[in-house]
Amino acid sequence: MRGRVARNAIALGSAGLIVLGIAGCSQSTPEEEASQTNLKIVEKVQIDENGAEVAAAEGAAPADPAGDGQATCPPVSIAMAGALNGPDAALGINIKNGVQLAIDKHNAANPGCQVQLKPFDTEGDPQKATAIAPQIVDDQYTIGLVGPAFSGETKATGGVFDQAGLVAASASATNVTLSENGWKTFFRGLANDGVQGPSVANYIKNTLGHQKVCVVDDSTDYGLGLAQAVRETLGPVADSACNISVKKGDKDFSAAVTQIKGAAPDSVFFSGYYAEAAPFVQQLKDGGFEGTFVTADGSKDPEFVKQAGESAQGAVISCPCGPATGAFAEEYQAKFNMEPGTYSTEGYDLGTILLQGIDSGAITRPALLDFVRNYEGQGVARKYQWSPTGELTNTLIWIYDVQ
């Protein structure tokens with residue numbers, strides 16, 4: 001299918017230029033339009049794997065990274081690895097800020113235990129992550145890691161962290177196969193694509209009642225894995241006439257738009273990141289697509305709305321990430337002068353768990369690994385407890401929409 005899309009792109013190049021040219025001659029540019037929009041990503045409903053609504057849990061207060069203020073420890077550090085620059089940097093920065101908030105709260109309350117955050121910028125690139133991983137494990141003061149952020153870079157580096165015995169708790173990597181490598185140090189801080197895929201597919205099929213869906217992936221480890229789960233669950237509802245793969249970094253989606261218009265689906269599910277989702281939904285709307293644009297956690301960031309402008313209105317977004325609530329949301333806003341973004345909550349929760357371990361006396365890699373492996377507690381986003389393969393024992397998905 002990829003080859004066919006590529007050939008169509010060549011054949012339809014001039015048509016794509018016409019479509020984009022018309023859009024460019026409108027009264028405002030996408031950037032100007034985006035700056036004028038008041039659209040926001042708003043949490044809508046929590047769902048199970050059948051796509052059915054599940055009431056949000058009430059009850060236990062989330063763990064506080066400040067602890068009791070009596071902790072003592074030698075100099076230790078927590079690393080964070082993810083995209084801090086590049087087209088997908090917002091997602092990595094969200095995680096880093098979450099971890100930073102947890103560490104700052106801890107350090108302010110515990111003068112006898114000052115923990116340092118050491119961020120590493122992978123740009124979301126598996127090759128860059130492979131070069132950075134040895135720097136993380138060679139630092140004797142680093143006893144835990146929040147990251148890597150993306151599935152591809154996690155796949156490329158998991159063996160390095162496992163060999164070093166370093167806890168690697170990802171706030172965002174969702175590819176199902178990551179927990180199937182036999183790594184003892186991998187922990188996933190949210191549901192995987194094997195949960196998210198069926199949940200959002202059944203929501204599209206059963207709750208929204210859509211009977212024809214085009215599924216488009218971005219050819220990354222994350223995009224392919226999630227799209228496969230969605231396609232399998234949709235079954236014949238996933239129209240084989242518009243089963244499309246594009247490429248990370250693509251900006252011209254004219255061939256895919258033409259193919260989708262020909263199929264006339266009720267909705268399009270895009271499995272990828274916001275840097276591609278934004279221009280894709282713009283070109284779909286400019287090309288006359290009137291169905292629902294559905295995407296997932298890789299696109300759930302204010303940058304998607306900012307870059308897509310009014311074209312993002314009505315988009316449906318699934319995410320295993322929990323909404324930011326209560327004191328956490330207020331403290332995050334006050335510290336960073338911005339609302340928590342996708343995975344900010346997970347970054348904060350995972351940072352808090354590592355800090356709780358340090359405060360308990362787990363100040364070596366083996367001790368902190370053992371602490372996390374046996375951890376059970378409430379966070380801001382959810383309850384955290386892991387299976388022997390590093391998967392959460394309790395997983396639900398949130399549906400958001402742009403309004």
task: Under the side-chain contact (heavy atoms from CB on, under 4.5 Å) rule, what do I41 and V402 come out as? Steps first, then yes or no, please.
output: CA-CA 5 Å; I41 298 173; V402 178; 4.1 Å; yes
**Message:** For a side-chain contact (heavy atoms from CB on, under 4.5 Å) check, start with the C-alpha distance between I47 and T207, then their side-chain angles and the critical distance, and finish with the verdict.
**Reply:** CA-CA 10 Å; I47 61 172; T207 303; over 6 Å; no
_I'd like to know whether D266 forms a side-chain contact (heavy atoms from CB on, under 4.5 Å) with T292, so could you lay out the CA-CA distance, the side-chain angles of the two residues, the decisive distance to 0.1 Å, and finally the verdict._
CA-CA 7 Å; D266 298 312; T292 304; over 6 Å; no
Worksheet item: Going through the distances and angles, do V246 and E276 end up as a side-chain contact (heavy atoms from CB on, under 4.5 Å)?
Response: CA-CA 9 Å; V246 295; E276 289 72 39; 5.9 Å; no
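Ring geometry for F280 versus F253: interplanar angle of 30 to 60°, hence tilted. Using bins of under 30°, 30° to 60° and over 60° for the plane-to-plane angle, the ring pair F371/Y375 lands in the tilted bin. Aromatic ring orientation, Y222 versus Y273: tilted (interplanar angle from 30° to 60°).
Under the 3.5 Å distance criterion, the side-chain polar atoms of D162 are matched with a main-chain donor or acceptor of K184. Although no hydrogens or angles enter the test, the distance criterion places a donor-acceptor pair under 3.5 Å between the side chain of T364 and the main chain of A367. With hydrogens and angles disregarded, no donor-acceptor distance shorter than 3.5 Å links the side chain of E310 to the backbone of L39. Checked by atom type and distance alone, the side chain of T157 never pairs as donor or acceptor with a backbone atom of V160 at under 3.5 Å. In terms of modelled atom types and a separation under 3.5 Å, the side chain of N94 and the main chain of A90 share a donor-acceptor contact. Of the possible donor and acceptor atoms, none in the side chain of N206 sits under 3.5 Å from a partner among the backbone N and O of G209. Not a single donor-acceptor pair under 3.5 Å links the side chain of E49 to the backbone N or O of N202. Between the T185 side chain and the G165 main chain, no donor and acceptor come within less than 3.5 Å of each other. Side-chain N or O atoms of N181 include none that pairs as donor or acceptor with a backbone N or O of W183 at under 3.5 Å. With hydrogens and angles ignored, the 3.5 Å screen pairs a side-chain donor or acceptor of D349 with a backbone N or O of A381.
Within the 4.5 Å cutoff, the side chain of K285 has no heavy atoms near those of the Q313 side chain. Under the 4.5 Å side-chain criterion, counting only non-hydrogen atoms from C-beta, T295 is not in contact with Y274. Side-chain contact between P320 and T174 is present, with at least one heavy-atom pair separated by less than 4.5 Å. Between R382 and T395 the shortest side-chain heavy-atom distance does not fall below 4.5 Å. Looking at heavy atoms from C-beta onward, L350 lies out of side-chain contact with F187 at the 4.5 angstrom threshold. Between Y400 and P323, some side-chain heavy-atom pair lies under the 4.5 Å cut-off. Side-chain contact between L145 and F120 is absent, with no heavy-atom pair separated by less than 4.5 Å. Side-chain atoms of V167 and R365, non-hydrogen and from C-beta on, never get closer than 4.5 Å to each other.
Applying the disulfide bond (SG atoms under 2.5 Å apart) test to residues at least two apart or on different chains, none of the pairs has a partner in residues 164-197. Listed by first and then second residue, the disulfide bond (SG atoms under 2.5 Å apart) pairs that reach into residues 294-338 are C319-C321, sequence neighbours excluded. Residues in residues 328-343 take part in these salt bridge (Lys or Arg N to Asp or Glu O under 4.0 Å) pairs, two or more places apart or across chains: K40-E339, D104-K335, K105-E331. Counting only residues at least two apart or in different chains, disulfide bond (SG atoms under 2.5 Å apart) contacts with residues 144-189 are absent. Identified under the ring-ring contact (aromatic ring centres under 6.0 Å, His included) test for residues 313-370, with sequence neighbours left out: F328-Y332, F328-Y348, Y332-F336. Screening residues 348-403 for disulfide bond (SG atoms under 2.5 Å apart), with sequence neighbours left out, gives no hits. Pairs engaging residues 62-83 under the side chain to side chain donor-acceptor pair (under 3.5 Å) rule: S77-T142 [sequence neighbours left out]. For the salt bridge (Lys or Arg N to Asp or Glu O under 4.0 Å) condition, the pairs that include at least one residue of residues 186-208, sequence neighbours left out, are R188-E391. Pairs engaging residues 136-145 under the salt bridge (Lys or Arg N to Asp or Glu O under 4.0 Å) rule: K118-D139 [sequence neighbours left out].
Across every non-hydrogen atom of P65 and L355, the tightest pair is CB-CD1, 4.0 Å. Minimum interatomic distance between F270 and S299 (heavy atoms only, all atoms of both residues): CD2-OG, 4.3 Å. Closest of all the heavy-atom pairs between S318 and Q196 is OG-OE1, 2.8 Å. Shortest non-hydrogen contact noted between E153 and G82 is OE2-CA, 3.9 Å. Here the closest heavy-atom approach between residue A238 and residue V215 is recorded as CB-CG2, 4.3 Å. Minimum heavy-atom separation, L234 to A201: CD2-O, 3.5 Å.
Applying the 6.0 Å contact sphere to NZ of K383 captures no more than 12 heavy atoms from other residues, nucleotides or ligands. Atom CD of Q163 sits in a sparse spot, with 12 or fewer heavy atoms from other residues, nucleotides or ligands closer than 6.0 Å. For K212, the NZ atom sits in a packed shell: over 12 heavy atoms of surrounding residues, nucleotides or ligands are nearer than 6.0 Å.
Between the CG atom of L224 and the OG atom of S271 there is a distance of 7.5 Å, given to the nearest 0.5 Å. One distance of note links OH of Y384 with CG of L392; it measures 7.0 Å at 0.5 Å rounding. Of the inter-residue distances, the one linking K247 atom NZ with T220 atom OG1 reads 10.5 Å to the nearest 0.5 angstrom. Taken from CD1 in I103 to OG1 in T352, the straight-line distance is 9.5 Å, to the nearest 0.5 Å. How far CD of Q116 is from CG of N107: 9.5 Å, rounded to the nearest 0.5 Å. One distance of note links CG of D88 with CZ of F150; it measures 4.5 Å at 0.5 Å rounding.
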For residues 124-132, which side-chain donor-acceptor pairs fall under 3.5 Å, sequence neighbours excluded?
unit_1: D125; atom_1: OD1; unit_2: Q127; atom_2: N; d: 2.8
unit_1: T130; atom_1: OG1; unit_2: P126; atom_2: O; d: 2.8

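Remark: D359 engages A71, H106, N110, C113 in a side chain to side chain contact (heavy atoms under 4.5 Å, CB included) (not counting sequence neighbours). When the side-chain hydrogen bond (donor to acceptor under 3.5 Å, both in side chains) test is applied to S387, the partners found at least two apart in sequence or on another chain are T389.
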